[in-house]
Structures are given as C-alpha cells and as structure tokens.
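First up is the structure itself, then whatever we jot down about it.
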Amino acid sequence: MKRTITHLADGRELFYFDRQDDADRSAVDKRDLPPRPPASELRYDPLTEEWIAVAGHRQGRTFLPPTSECPLCPSTPGHLTEIPSSSYDVAVFENRFPSFSAQPVEYEQVGGLSEVRPGTGRCEVVCFTSDHDSSFSALSPEQVELVMEAWIDRTAELSALPGVEQVFCFENRGPEIGITLAHPHGQIYAYPYVTPRTKLTLGAAERHRERTGGNLFADVLAAEREAGTRVVASNEHWTAFVPAAARWPVEVHLYPHRQVPDLLALESSERAAFGPLYTEVLRRLDGLFGVPMPYIAAWHQAPVNVGRDLSYAHLELFSIRRAPDKLKYLAGSESAMGAFVNDVLPENTARLLRSVITD
Ligand SMILES: [Zn+2]
C-alpha cells in the first residue's frame, strides 16, 4: 500500500491510497479555486445540551451535477476535478464545503442562553473507487481493504488534531437519502465534541458495566448470536444482525467478534474479513426490494478522550425504504419527540434479508 499526500489549488489536503507502490501521483491541481470558506459556528442548545453547527456557506454547494461534471471522477484534460490524477484507487480530500474546519471564523455571542464557539474540526470526502457507476457493494475485497486502510489512517490523524473529540466515518447512499453527488463516496467528520448519540450509548454502557460487570456491546452481540433469529450473515471475525429494537424498516449492525475501541485496533485478519461480509450484506439490501437500497452506513468508534474502555467499534447500516415504492419519513413522533415507531418486525427483516439470493 502506498500513501501519497498532496495539496489542491486552494490549499486543501488530498491523499491517495494505492495498491501499487509505484503509483505516480505527481499530477498538480491546475484549477483556479476561490478561497476556502470560513469555519462554521457552533451554537449550544441549552434544552438538549447539544451543539448545533451553523454553516451558512454550505447552501451553495454542488448539487447532483451530470456525470460529465462529476467532481469526484479522475481529472481529464477537458474536465479538471477534485482529484488531479488521471486515475486512482482510493482518494481522500478535505471537503470544499465543510461543516467543521480549522479555517478562521468571525462570530458573536447571540444571547438567549446559547453559547457560540467556532466549529473547529475537519470534514473529508472518501472516494471509494474511480468508477463513477460502481457502488460499495460491487467493490472487490482488496478494494474494501484499501478503503479500510484509508479510514484507519484518517481516524488516527484526525484524532490527533487540536480540539477533535470524535471521528466518524460514514456513507450516505442514494438520492432518497439526500446525497448531492452520485459517485461512490463516503465522508469523515472530525467533531469538536462527543456526538449526542455516542454520549447516550456510552452512558448506557457505563450503567450496564456497573450492574453486570460486562461490556454492553459485547453482551448484545453475544445474545444476538445465541438467539440467531435476527442474524443476517456472519464469518469467522464478524456478525451482521438486525437489532431487536430496530428503529428503521431496514437496519443491520456489523460487529467484529473481538471488542476493539476503533478500526485502528483491528488485526489484519479482521480487516480482511470485513469486506466479504459487508458487501454481501449490501447485496442483500439491494436484493430485498429489487431496487438499489438507499442507506446510511455509520462507523461507531470510541471518542478520542473519553469512554474508550466502554466503546466497541461497529458499523450501523440502515435505510428509510420500507417497501419497493415507499419511504419512511421522520414525521412528528420521530422528528419532534425522538420516539421511533417501526412498522416492520425486525425478525421479518432478518428473515427476508437471509432469503435474498446474492449470487
Ligand atoms: Zn464520478
């Protein structure tokens, strides 16, 4: 594996991750780019004790351009993109329209019990493949391993940045989810705080440990493997199951069998075993209704500074599609109260996913 770092015309960093050690990544970004936008500002919501990032500049970002204008394809003489090289395996670069960044920002305190501070952090884009028409589910095991190397490399570096408290690798897939670029890609957010969801689950994990002495996530995985009714697929190192209290009509969690705080701690055999199982699960999702499944795939990793001993790295994958022609929208109960109502029995979802013929 070869890692090359270079800079785009406006100073943002770009990383190539290549399978071949002799890959030539000397191409230079020849575009004339405007200066980078200021960082966002963070506003504190005293009612929920959560930070909200306010980034006015993101309204102007690129929205579903035609394939010929895709900014994530390799550059050609007539079409210069975010990736100057004429080819790549995996490429990662700083988002041009970031929710968090190290750029300076001018802001004022706004009163109303809401503290304001700069949205320090970083947002990166991960291009999974140079093939515009591919998808994560179609990647080879070797290509998934390279993506995993990129996630690990970026998690380590972003965790070391000043002020960063949590690193989140994820993929939004499908126009139904709200993606703005069709090219197969994911994102990495380096947050300047521990996210609400992580705070909540680590609180539960702490109480579980006080009560039982065990690790909450490990105990959930063991119970799901023993029950078996919601297991979708597994191999030597990973198990994929529908959680017993799934919120979404389609929801699958993938856990390594060994408790690790983050992807960095996975051994090479565990890293290698992830791709075959995950792409199988994705193909089962696509096969469920016979149409490409819109989804969100979210890596849960330990925060940088707290709760590392309680954490258990895993992937949570879910979709808003509940039927071939129906989407679940987050309406009153979910959006206003955070109280989920799922119209699909998790055991049925698991059974249907198991019955999909994948090849
Ligand atoms: Zn593309």
Side-chain angles (χ1 to χ4, degrees), residues 1-5 13-21 23 25 70-74 81-83 85 87-95 122-159 167-174 177 179 181-190 235 237-238 240 252-256 260 262-283 285-286 292-293 295-301 313-317:
M1 204 271 287
K2 182 190 180 193
R3 173 191 186 270
T4 310
I5 176 173
E13 287 183 327
L14 163 69
F15 304 86
Y16 293 102
F17 296 87
D18 286 293
R19 281 196 296 271
Q20 304 297 336
D21 288 337
R25 298 300 175 213
C70 175
L72 308 186
C73 277
T81 72
E82 293 281 58
I83 296 147
S85 199
S87 70
Y88 64 84
D89 289 339
V90 172
V92 180
F93 59 87
E94 286 184 80
N95 197 321
R122 185 140 143 165
C123 293
E124 297 186 341
V125 176
V126 183
C127 299
F128 299 140
T129 166
S130 60
D131 182 355
H132 184 89
D133 297 315
S134 188
S135 66
F136 204 111
S137 63
L139 299 183
S140 68
E142 295 73 32
Q143 187 72 6
V144 178
E145 270 196 77
L146 200 57
V147 173
M148 176 75 87
E149 289 299 327
W151 285 331
I152 288 168
D153 178 277
R154 303 318 303 142
T155 297
E157 276 206 6
L158 298 181
S159 296
V167 177
F168 174 44
C169 306
F170 65 105
E171 180 189 5
N172 297 330
R173 193 262 189 132
I177 293 286
I179 57 119
L181 298 171
H183 195 109
H185 74 286
Q187 301 184 63
I188 304 177
Y189 273 28
N235 63 19
H237 292 295
W238 295 80
V252 180
H253 295 185
L254 277 83
Y255 277 70
V260 290
D262 51 31
L263 298 176
L264 279 71
L266 290 173
E267 288 171 0
S268 59
S269 57
E270 294 164 328
R271 296 177 191 186
F274 168 73
L277 189 76
Y278 180 46
T279 53
E280 179 196 324
V281 169
L282 290 177
R283 289 194 297 275
L285 256 61
D286 282 345
M293 185 74 82
Y295 64 76
I296 291 169
W299 275 112
H300 289 249
Q301 303 194 85
H314 66 282
L315 183 79
E316 298 192 2
L317 173 69

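Note that this is a predicted model, so its numbers are computed, not measured. No hydrogens, no waters, no symmetry mates; every other heavy atom, side chains included, goes into these values.
Residues Thr129 and Ser134 approach most closely at CG2-CB, 4.1 Å, considering heavy atoms. Of all heavy-atom pairs between Ala150 and Val92, the closest is CB-CG2, 4.1 Å. Across all their heavy atoms, Leu317 and Ala297 have their closest contact at CD1-CB, 3.9 Å. The nearest pair of heavy atoms linking Pro71 to Thr81 is O-CB, 3.4 Å.
A distance of 11.5 Å separates CD in Glu280 from CG in Leu285, rounded to the nearest 0.5 Å. For the atom pair CG (Leu158) and CG (Asp153), the distance works out to 8.5 Å, reported to the nearest 0.5 Å. Distance CG/Leu315 to NE2/His253: 8.5 Å, rounded to 0.5 Å. Atom NE2 in His132 sits 11.5 Å away from atom SG in Cys127 (nearest 0.5 Å). Put simply, OG1 on Thr4 and CG on Asp18 are 6.0 Å apart, with the number rounded to the nearest 0.5 Å. Note that NZ of Lys2 is 8.0 Å distant from CG of Asp21, once rounded to the nearest 0.5 Å.
The closest side-chain heavy-atom distance from Val126 to Ile188 is below 4.5 Å. Between Glu149 and Arg271, the closest side-chain pair of non-hydrogen atoms falls below 4.5 Å. Contact check for Phe93 versus Ile83: side-chain heavy atoms found under the 4.5 Å cut-off.
Within the 3.5 Å criterion, the main-chain N or O of His183 finds a donor-acceptor partner in the side chain of His185. For Asp131 (side chain) and Asp133 (main-chain N/O), a donor-acceptor pair under 3.5 Å exists by modelled atom type. In this structure, Glu171 contributes its side chain and Ile296 its backbone to no donor-acceptor pair below 3.5 Å. No donor-acceptor pair under 3.5 Å is formed between the side chain of Gln143 and the backbone N or O of Ser140. A distance-only check finds no donor-acceptor pair linking the side chain of Ser130 to the backbone of Pro74 [under 3.5 Å].
Taking the centre and axis of the six-membered ring of Phe15, the NZ or CZ atom of Arg154 falls inside the cone set by 45° and 6.0 Å. Both the sub-6.0 Å distance and the 45° axial angle are satisfied by Arg25 relative to the ring of Tyr16.
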One pair to check against ring pair (Phe, Tyr, Trp, His ring centres under 6.0 Å): Phe17 and Tyr88. What are the steps and the verdict? CA-CA 8 Å; Phe17 296 87; Tyr88 64 84; over 10 Å; no
Could you walk me through whether Phe274 and Trp238 pass side chain to side chain contact (heavy atoms under 4.5 Å, CB included), step by step? CA-CA 7 Å; Phe274 168 73; Trp238 295 80; 3.7 Å; yes
Would you check, one step at a time, whether the test side chain to side chain contact (heavy atoms under 4.5 Å, CB included) holds for Gln187 with Asn172? CA-CA 8 Å; Gln187 301 184 63; Asn172 297 330; 3.9 Å; yes
Stepwise side chain to side chain contact (heavy atoms under 4.5 Å, CB included) test for Leu146 and Leu139: CA-CA 10 Å; Leu146 200 57; Leu139 299 183; over 6 Å; no
Before giving the answer on side chain to side chain contact (heavy atoms under 4.5 Å, CB included), spell out for Leu264 and Leu266 the whole-Å C-alpha distance, their side-chain angles and the decisive distance to 0.1 Å. CA-CA 6 Å; Leu264 279 71; Leu266 290 173; over 6 Å; no
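A salt bridge links Arg3 and Glu157; the closest N-O separation between the charged side-chain nitrogens and carboxylate oxygens is under 4.0 Å. A salt bridge links Glu94 with Arg122: at least one charged nitrogen is closer than 4.0 Å to a carboxylate oxygen. A salt bridge links Asp286 with Arg173; the closest basic N to acidic carboxylate O contact falls under 4.0 Å.
Aromatic rings from Trp299 and Phe170 are positioned such that their centres are separated by 6.0 Å or more.
For the residue pair Thr155 / Gln301, a side-chain donor-acceptor distance below 3.5 Å is found, with atom types taken as modelled. Using modelled atom types and a 3.5 Å distance limit, the side chains of Ser137 and Ser135 yield a donor-acceptor pair. His314 and Glu316 share a side-chain donor-acceptor pair at under 3.5 Å.
Of the residues Tyr255, Phe136, Tyr295, Phe128, the one that meets the ring pair (Phe, Tyr, Trp, His ring centres under 6.0 Å) test with Tyr278 is Phe136.
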